[in-house]
Amino acid sequence: MDRDGIKRLLEAVRAHKLSVGDAFARLRVEPLERLAEATLDIERALRRGFPEAIYGPGKTPDQLVEIIDQLAAREQTVLVTRVSPEVYAAVADRLPRAEYHALPRTIVVRSPTRVRPRSGVLVISAGTADLPVAEEAALTAELAGCGVERIWDVGVAGLHRLLAHREQLTRARVIVVVAGMEGALASVVAGLVDCPVIGVPTSVGYGVGRPGETALHAMLGSCAGGLTVVNIDNGFGAGLAAAAMLRIAAERRSPAATTSVPKRKRK
């Protein structure tokens with residue numbers, strides 16, 4: 001059960017639609033699920049706001065099916081990253097409801113629980129070659145409950161392409177910038193906006209780019225304030241970080257997040 005599920009459960013108890021005993025029974029779940037070749041962190045959605053994701057490479061279709069089955073049985077959103085079409089085909093034979101997103105190479109099984117997305121995440125890619133990582137970030141943020149806008153192919157070699165999207169840049173509450181080559185786009189964007197910017201260096205580029213290292217070093221060395229950086233090609237990490245920032249901001253703006261002290265009556 002995730003945080004929203006806990007809140008709904010407590011609301012049902014308060015409204016006398018559910019007994020304390022029934023609510024307690026639903027909450028009594030083991031924090032771990034031990035499989036033959038994996039140990040699943042069942043409570044991660046409650047602690048972190050998003051269920052445990054599955055890194056696909058190195059796992060067999062049989063292992064993936066077993067893990068996906070166990071997480072989906074608990075009505076958790078399932079995200080498997082970096083999956084080839086061949087592996088997905090083997091998984092889909094046994095799990096027909098599994099979706100495949102070809103660009104970011106991810107498998108998704110959606111939770112039956114639907115929540116209204118929090119708008120405010122913008123994902124920007126410097127080039128078309130950066131799209132697999134950018135779409136991984138966008139999809140992760142969406143699965144974590146965010147409304148996501150996308151701007152593709154606006155790298156610094158043609159800076160006017162980015163400036164044509166000033167309205168979207170101003171509207172965003174968190175921006176993820178995905179760039180390879182020299183990675184300069186993250187610094188440019190961070191210098192234009194007042195919201196957090198997450199830089200994602202990609203392994204796109206020629207020789208001296210050293211699969212993403214040049215872009216990583218450029219982003220880490222940026223003088224633009226408010227820019228933070230994740231690992232090379234880590235769209236998943238950036239999308240989840242953006243969702244966490246947006247969720248915390250929304251919770252702090254919510255009236256339920258504040259407690260008021262009743263005023264004492266004067267005698």
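Just so it is clear, the structure is predicted and the values come from calculations on it, not from any experiment.
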Inset, instruction - Could you note down all residue pairs passing salt bridge (charged side-chain N to carboxylate O under 4.0 Å, His left out) where residues 180-208 supplies at least one of them, sequence neighbours left out? - result: none
Inset, instruction - Quick one: which residue pairs count as a ring-ring contact (aromatic ring centres under 6.0 Å, His included) with a foot in residues 148-185, not counting sequence neighbours? - result: none
Legend entry - Polar side-chain atom of Arg173 near backbone of Cys195 as donor-acceptor pair, under 3.5 Å: no
Inset, instruction - Quick one: name the residues clustered hydrophobically with Tyr206, using the 4.5 Å side-chain heavy-atom rule over I, L, V, M, F, W, Y, and just say none if it's on its own. - result: Met181
Legend entry - Selection residues 89-122 - residue pairs positive for ring-ring contact (aromatic ring centres under 6.0 Å, His included), sequence neighbours left out: Tyr88-Tyr100
Legend entry - Salt-bridge present (Glu142, Arg110; N to O < 4.0 Å): no
Legend entry - Glu136 side chain to Phe236 backbone, donor-acceptor under 3.5 Å: yes
Inset, instruction - Using atom types as modelled and distance alone, determine if a side-chain donor or acceptor of Asp233 lies under 3.5 Å from a backbone N or O of Ser203. - result: yes
Inset, instruction - Give a yes or no answer on whether the side chain of Thr202 reaches the backbone of Val178 with a donor-acceptor pair at less than 3.5 Å. - result: no
Legend entry - Which residues share a side-chain hydrogen bond (donor to acceptor under 3.5 Å, both in side chains) with Thr77, sequence neighbours left out: none
Legend entry - Set of residues satisfying side-chain hydrogen bond (donor to acceptor under 3.5 Å, both in side chains) with respect to Ser19, sequence neighbours excluded: Asp22
Inset, instruction - Decide whether Val189 and Val174 are clustered together by the hydrophobic rule: side chain heavy atoms of Ile, Leu, Val, Met, Phe, Trp, Tyr closer than 4.5 Å, transitively. - result: no
